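As the structure lists them, so they are numbered: ligands from 1, and atoms in each ligand from 1. Sequence positions, counted from 1, serve as the residue numbers for this chain. All of these numbers come straight from a predicted model, not from anything done at the bench.
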Amino acid sequence: MKSATIRGLAGPVPIQKIICLGQNYAEHAKELKFEVPKSPVIFLKPASAVIYNGEQIVMPAISNDVHHEVELTVLIGKGGKNISRESALQHVAGYGIGLDITLRDVQFEAKQKGLPWSLAKGFDTAAPLSEFLEPSLTGDPSSLGIELKINGKTRQSSGTNKLVFPVDVIISYVSQFMTLERGDIIFTGTPEGVSRIDHGDKLEGSLIHANGNILTSLSVSVK
Ligand code: MG
């Protein structure tokens, strides 16, 4: 069983479902030649895809084009159904940084055929996760910076103020359809700058406070 850690709090939280947003930054939707969606695009990853700081991404042999996507992650602390936008942030236990590792060629082929693309996003090691920080430490979730360096070079850098659907809207929307539970995680979508990763690459994702301080970082390498 995979679990999430909240800095400063004893006891890990078992991870339930992982809910992910697609095309939730306009510039990223453009780079993949999609239209910016009118309602949230939702897909799931299995909890078994999670790895932690210091671990390795293992690229499945079925893909020749594995992409990085750095994203703000949200850990649900208090469950609920039909959660209002106004009360949505009260359900959050913490924020972190995550990587939505994607088999882009497998995803595109499935999309073209109108088939589900679960394998492209749900394979083992496809969900590297940092620790989570309580909302009192991060401040407004629409004020955060997210960044990804590969081998020391910045490849993605953006802010959660650019989310098409912000965290409170995502929680409210998803909870109309899926009951949210303690231990659920939301990947809120990636900004522009996605590209392929290769064997031996070192990926470092960071979550940055509005004041410029790095709140937490996540380092993983590609086997
Ligand atoms: Mg993504």
Give every donor-acceptor pair under 3.5 Å between a side-chain atom in residues 134-145 and any protein atom, sequence neighbours left out.
unit_1	atom_1	unit_2	atom_2	d
T138	OG1	P135	O	3.3
D140	OD1	S142	N	2.8
S143	OG	D140	O	2.7

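- At a threshold of 4.5 Å between non-hydrogen side-chain atoms, the residues I18 and P46 do not count as touching.
- Within the sub-2.8 Å shell of the Mg ion (ligand 1), the protein contributes these N/O/S atoms: E69 OE1, E71 OE2, D100 OD2.
- Side-chain contact between F187 and I19 is absent, with no heavy-atom pair separated by less than 4.5 Å.
- A salt bridge does not link D184 with R182: every distance from a Lys NZ or Arg NE/NH1/NH2 to an Asp or Glu carboxylate oxygen is 4.0 Å or more.
- Salt bridge status for E55 with K223: absent, with no side-chain N to carboxylate O gap under 4.0 Å.
- Within the 4.5 Å cutoff, the side chain of N24 has heavy atoms near those of the I170 side chain.
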